[in-house]
**Student:** 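Right, I'll just put the structure down here and ask away after.
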Amino acid sequence: MARKIALEKMRNIGIVAHIDAGKTTTTERVLYYTGVSHKIGEVHEGTTVMDWMDQERERGITITAAAITCFWRDHQVNIIDTPGHVDFTVEVERSLRVLDGVVTVFDAVNGVEPQSETVWRQADRYRVPRICFVNKMDRVGADFRASVGSIVERLHAKPVVVQLPIGREESFRGVVDLVSMEAVTFEGERGETVVRGKVPAELEGEARSARAELVETVAEYDDQVLAKYLEAGDLSAPDVRHALRLGTVGLKCFPVFCGAAFKNKGVQPVLDAVVDLLPSPLDIPPVAGHDKNGVEVTRETRDDELLSALAFKVTSDPYFKTLTYVRVYSGALKVGESAFVSSKGKRERVSKLVRMHANKREEIEELGAGDIGAIAGLKLVVTGDTLSSEHKPIVLERMQFPTPVIQLVVEPKTKADQEKLSDALGRLALEDPSFLVSLDEETGQTLIHGMGELHLDIIVDRLQREFKVDANVGKPQVSYRETITQPATAEHVFERPLGGKVQFGHVVLSIAPGARGSGFRFSSALKESVLPKEFVPAVERGVSEAMQSGAVAGYPLIDLTAKLVGGSYREEDSTEVAFKVAATMAFRDAAKKAAPILLEPVMAAEVSTPDAYMGNVIADLASRRGKVLGMLPRGGVEVVQAEVPLAEMFGYSTSLRSASEGRATFTMQFHEYAPVPPNVAEALIQRTRGF
């Protein structure tokens, strides 16, 4: 089957932002202007295309990343609208992994906000080019220049202003296009008619100065354009656009646009920028992975290349049981053919391919290189798996997901619900890599782990609505950790008859604290003449298992190094099992001697409050063991930046409402694990041990 659209005319983009910056509102306008929908959906009315889940429409927030395909100026634009709430940051992470470009939406009053920083760092990690849209220019307190300044100050990025607002707050009526030096206004009931005209006289001087700055900046991105600029002192609109595209795709700059999506102003120029400035699949480097021998290999973005595709999301589906979202990097996926799951070494048949339109689907016969779509009914594939050709398989880099910091006890109300609960939790865990299910071995209770109260609240709601499971839910609990504070060494000899044969393992283990956030690292200092190499992985497995239960209160240990420094074996008696047990016992002994401490998750919180309530807010944070780091004015309010233990933040929204008469708001995200103060730790240990 021939490709429907040339690769250079395809754009895979995401729309990302802090919560309430107007992401979904912007996307709904995009769908209207591109003809996908015939009326504009509104978040506050619960009528949006992209926020289709009941929970999204009721709460007015995006929870799950939704994909949709539209067309603009003969280009195919595959869009993923992502959540803005920090509890659902995993949805942004896996979307950015497969996207070629991003539209980052900022609130013109608040500029760069905490979750804006998080998604920007995620996009940096995957080297995704971005354009910026300063939205809500019609709001009281909107400040375009301050928002651009916050991109420099808080993101350490290089914004390039491509538009200036005409008016602000209630008088905002359009933009000045600095590339073509025209005023752009939006007429018609829904802003569907774009009118270009002369730049207003009162903005001419500012616009000329801003264009000169734009031209001087972008001329550096192309030698031929630079030569023209040095010769003529100015550039034509096509030259500016060409150089600006090179700078954007090369991550040298980030073009900035402005508008008011809710008032239907400024969205069409952003669509033009997606086509003109963001990369096609041909503009990104060939995808890299490794073969079965660990050797790095690459695949070119071509339909006739060997297949490589990444499964970046798996969802439950009422019709197909599962839908697996994939980005095809090379080759093609075709209905009726098999794909090799190279990360598992097994084949899966592609029985049905669909192109997603939020929660609606269009069946297609093929997904080509550079395309995004979904495969229905796969059984083996999970998030992060690679699909490739079987005779020359490739495994693409997997995604890293954050560790859950909060947990709940969940129990079925009746025996009949037990199996339904287990099945439902399994399907939800398959969908969401930041959601984990475990069993408390002491109590036999099922624990669910997530990124925050809202995350688990949505999970419980889905259990009841989608899976029809009645369950009792306990109070949220913090996921504590343990670590060590000094080096220690321990030795253990395991020698025991087992199955009619003596099992022997002898291990000397040295452990030391690692930097916070460094995780676990294992190494061996022994030569093979001292200990054969086949026993070393067993020692590492024994240490890893022992780390799941610390010496202080039984919480998992983190941030340490372990080194195998001694040991011995017997040719006839030594087994991997014996060395694994010996390593477990040696590690436990060493951990007790290494001055272990308890750690708790600490959140980075930002509280936005009118000045009159500042004292109340700071006093309340102090009572929660919070550490205030600073205060700064933003958009007519004061922003208090603080670090607060998660254990003290349950129910904070209610407390903040009463302390500020409902006028303050807050956001928080995981910052680090930090030592628990001795008095708090003692009470926690007593409670854990049941005293």
**Student:** Roughly how far apart are D432 CG and K313 NZ, rounded to 0.5 Å?
**Tutor:**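 So the gap between those two atoms works out to 9.0 Å.
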
**Student:** Do N110 and H18 get their side chains close enough for a donor-acceptor pair, meaning under 3.5 Å?
**Tutor:**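 Looking only at side-chain atoms, H18 and N110 do not form any donor-acceptor pair under 3.5 Å.
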
**Student:** Checking the side chain of R29 only, and the main-chain atoms of G191 only, is there a donor and an acceptor separated by less than 3.5 Å?
**Tutor:**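 No: the side chain of R29 does not pair with the backbone of G191.
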
**Student:** Return the CD1 to CZ distance between I80 and R94, rounded to the nearest 0.5 Å.
**Tutor:**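 Nearest 0.5 Å value for the CD1-CZ distance: 10.0 Å.
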
**Student:** Taking E638's backbone N and O only, do any of them form a donor-acceptor pair with T609's side chain (distance below 3.5 Å, no angle check)?
**Tutor:**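 Judged by distance alone, no pair lies under 3.5 Å.
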
**Student:** For the residue pair V607 and Y613, establish whether any side-chain heavy-atom pair is separated by less than 4.5 Å.
**Tutor:**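 No. Closest side-chain heavy atoms not under 4.5 Å.
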
**Student:** Can you pull out every side chain to side chain donor-acceptor pair (under 3.5 Å) where at least one residue sits in residues 244-253? Sequence neighbours excluded, please.
**Tutor:**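 For residues 244-253: R245-D283.
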
**Student:** Does CD in E672 sit with more than 12 non-hydrogen atoms of other residues, nucleotides or ligands closer than 6.0 Å?
**Tutor:**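 Above 12, so yes.
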
**Student:** Does some side-chain heavy atom of N12 sit less than 4.5 Å from a side-chain heavy atom of V98?
**Tutor:**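 Not in contact.
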
**Student:** Could you report the tightest heavy-atom contact between E482 and A551, atom names first, then the distance?
**Tutor:**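 E482 and A551 have their closest heavy atoms at OE1-N, 3.1 Å.
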
**Student:** Look only at the side chain of R139 and the backbone of V109, and say whether a donor-acceptor pair between them is shorter than 3.5 Å.
**Tutor:**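 No, the answer is negative, given that no donor and acceptor are paired below the 3.5 Å cut-off.
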
**Student:** Can the ring centres of F133 and F106 be said to be less than 6.0 Å apart?
**Tutor:**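 No.
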
**Student:** Which atoms form the tightest heavy-atom contact between A21 and N135, and what is the distance?
**Tutor:**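 Reported closest heavy-atom pair: O-ND2, 3.0 Å.
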
**Student:** Tell me, please, which residues at least two apart from E600 pass side-chain hydrogen bond (donor to acceptor under 3.5 Å, both in side chains).
**Tutor:**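 E600: side-chain hydrogen bond (donor to acceptor under 3.5 Å, both in side chains) contacts with R625.
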
**Student:** Got a donor-acceptor contact below 3.5 angstrom from the R130 side chain to the V103 backbone?
**Tutor:**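 Answer holds: no.
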
**Student:** Side chains of N616 and S660: any donor to acceptor distance under 3.5 Å?
**Tutor:**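 N616 and S660 do not have a side-chain donor-acceptor pair below 3.5 Å.
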
**Student:** Looking at I558, is its backbone amide N or carbonyl O close enough to the side chain of T483 to form a donor-acceptor pair, meaning the two atoms are under 3.5 Å apart?
**Tutor:**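 Yes, the answer is positive, given that a donor and an acceptor are paired below the 3.5 Å cut-off.
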
**Student:** For a side-chain contact (heavy atoms from CB on, under 4.5 Å) check, start with the C-alpha distance between F435 and H449, then their side-chain angles and the critical distance, and finish with the verdict.
**Tutor:** CA-CA 6 Å; F435 169 67; H449 310 255; 6.0 Å; no

**Student:** For the pair D559 (side chain) and R516 (backbone), establish whether a donor and an acceptor sit closer than 3.5 Å, ignoring hydrogens and angles.
**Tutor:**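 No: the side chain of D559 does not pair with the backbone of R516.
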
**Student:** Is a donor on one side and an acceptor on the other found under 3.5 Å between the side chain of T561 and the backbone of R521?
**Tutor:**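 Flag not set: sc T561 to bb R521 has no pair under 3.5 Å.
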
**Student:** Any donor-acceptor pair under 3.5 Å linking the side-chain atoms of E93 with those of Y126?
**Tutor:**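 Yes, E93 and Y126 have a side-chain donor paired with an acceptor closer than 3.5 Å.
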
**Student:** Would M631 and M614 count as a side-chain contact (heavy atoms from CB on, under 4.5 Å) here? Give the steps.
**Tutor:** CA-CA 10 Å; M631 290 160 278; M614 178 82 83; 3.7 Å; yes

**Student:** Hey, could you give me the CG/CG distance between L178 and L244, rounded to the nearest 0.5 Å?
**Tutor:**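 Result: 11.0 Å between the selected atoms.
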
**Student:** What pairs of residues pass the side chain to side chain donor-acceptor pair (under 3.5 Å) test when at least one of them lies in residues 158-174, not counting sequence neighbours?
**Tutor:**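 For residues 158-174, and leaving out neighbouring residues, there are no side chain to side chain donor-acceptor pair (under 3.5 Å) pairs at all.
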
**Student:** Might you confirm whether atom CZ of R127 has over 12 heavy atoms from other residues, nucleotides or ligands at distances under 6.0 Å?
**Tutor:**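 It does not: R127 CZ has 12 such atoms or fewer within range.
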
**Student:** Taking the side chain as everything from C-beta on, heavy atoms only, tell me whether I406 gets closer than 4.5 Å to F650.
**Tutor:**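 They are in contact (side-chain heavy atoms under 4.5 Å apart), so the answer is yes.
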
**Student:** Apply side-chain contact (heavy atoms from CB on, under 4.5 Å) to the pair L164 and V161, showing each step before the final yes or no.
**Tutor:** CA-CA 7 Å; L164 292 178; V161 173; 4.0 Å; yes

**Student:** Mind checking what makes ring-ring contact (aromatic ring centres under 6.0 Å, His included) contact with F172, not counting sequence neighbours?
**Tutor:**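 Counting only residues at least two positions away or on another chain, F172 forms no ring-ring contact (aromatic ring centres under 6.0 Å, His included).
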
**Student:** Do L684 and L598 have side chains that approach each other closer than 4.5 Å (heavy atoms only, starting at C-beta)?
**Tutor:**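 Result yes, sub-4.5 Å side-chain heavy-atom pair found.
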
**Student:** Look up atom CG in D272 and atom CZ in F257, then write down how far apart they are to the nearest 0.5 Å.
**Tutor:**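 Interatomic distance, D272 CG to F257 CZ, rounded to 0.5 Å: 8.5 Å.
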
**Student:** Is it true that a side-chain atom of T27 and a backbone atom of K23 form a donor plus acceptor pair closer than 3.5 Å?
**Tutor:**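 Yes; judged by distance alone, with no hydrogens or angles, the pair exists.
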
**Student:** A side-chain contact here means heavy atoms from C-beta on lying under 4.5 Å apart; do R97 and E397 qualify?
**Tutor:**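 A side-chain contact exists here, since the closest heavy-atom pair is under 4.5 Å.
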
**Student:** Do P633 and V639 come within less than 4.5 Å of each other through their side chains, counting heavy atoms only?
**Tutor:**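 Not in contact.
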
**Student:** Please name the pair of heavy atoms, one in P255 and one in L277, separated by the smallest distance, quoted to 0.1 Å.
**Tutor:**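 Heavy-atom minimum between the residues: CG-CD1, 3.8 Å.
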
**Student:** Could you check whether any side-chain heavy atom of P200 comes within less than 4.5 Å of a side-chain heavy atom of I166, counting everything from C-beta outward?
**Tutor:**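 P200 vs I166: side chains touch.
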
**Student:** Take a 6.0 Å sphere around CD of E213 and say whether it holds more than 12 heavy atoms from other residues, nucleotides or ligands.
**Tutor:**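 No, CD of E213 has 12 or fewer neighbouring heavy atoms, counting only those of other groups under 6.0 Å.
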
**Student:** Does a sphere of radius 6.0 Å around CZ in R125 hold more than 12 heavy atoms from other residues, nucleotides or ligands, not counting ones at 6.0 Å or beyond?
**Tutor:**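 Check passes, neighbour count above 12.
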
**Student:** Looking just at side-chain N and O atoms, do S655 and R624 make a donor-acceptor pair shorter than 3.5 Å?
**Tutor:**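 Yes - a donor-acceptor pair under 3.5 Å links their side chains.
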
**Student:** List the steps, then state whether side-chain contact (heavy atoms from CB on, under 4.5 Å) holds for V102 with L96.
**Tutor:** CA-CA 8 Å; V102 159; L96 286 172; 3.3 Å; yes

**Student:** Find the distance between OG (S150) and CG (L632) and round it off to the nearest 0.5 Å.
**Tutor:**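 Here the rounded value is 10.5 Å.
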
**Student:** Inspect the surroundings of CD in E661 and state if more than 12 heavy atoms from other residues, nucleotides or ligands are less than 6.0 Å away.
**Tutor:**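 Check fails, neighbour count at 12 or below.
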
**Student:** Can you tell me how far the CZ atom of R481 sits from the CG atom of L599, to the nearest 0.5 Å?
**Tutor:**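 Between R481 CZ and L599 CG, I get 9.5 Å after rounding to 0.5 Å.
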
**Student:** Counting only N and O atoms by type, is there a donor-acceptor contact under 3.5 Å from the side chain of K136 to the main-chain atoms of F262?
**Tutor:**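 Not at all, since once roles are kept as given, no pair shorter than 3.5 Å links the two residues.
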
**Student:** Could you work out, with ring-ring contact (aromatic ring centres under 6.0 Å, His included) as the rule, every residue matching Y555, not counting sequence neighbours?
**Tutor:**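 Listed in chain order: Y480.
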
**Student:** Mind checking whether L557 and F520 have side chains closer than 4.5 Å, heavy atoms only?
**Tutor:**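 No - every pair of side-chain heavy atoms lies 4.5 Å or more apart.
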
**Student:** Treating R11 as the side-chain partner and L278 as the backbone partner, does any N or O pair qualify as donor plus acceptor under 3.5 Å?
**Tutor:**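 Answer holds: yes.
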
**Student:** Which residues pass the side-chain hydrogen bond (donor to acceptor under 3.5 Å, both in side chains) test with E431, not counting sequence neighbours?
**Tutor:**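 Only S316, R462 meet the side-chain hydrogen bond (donor to acceptor under 3.5 Å, both in side chains) criterion with E431.
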
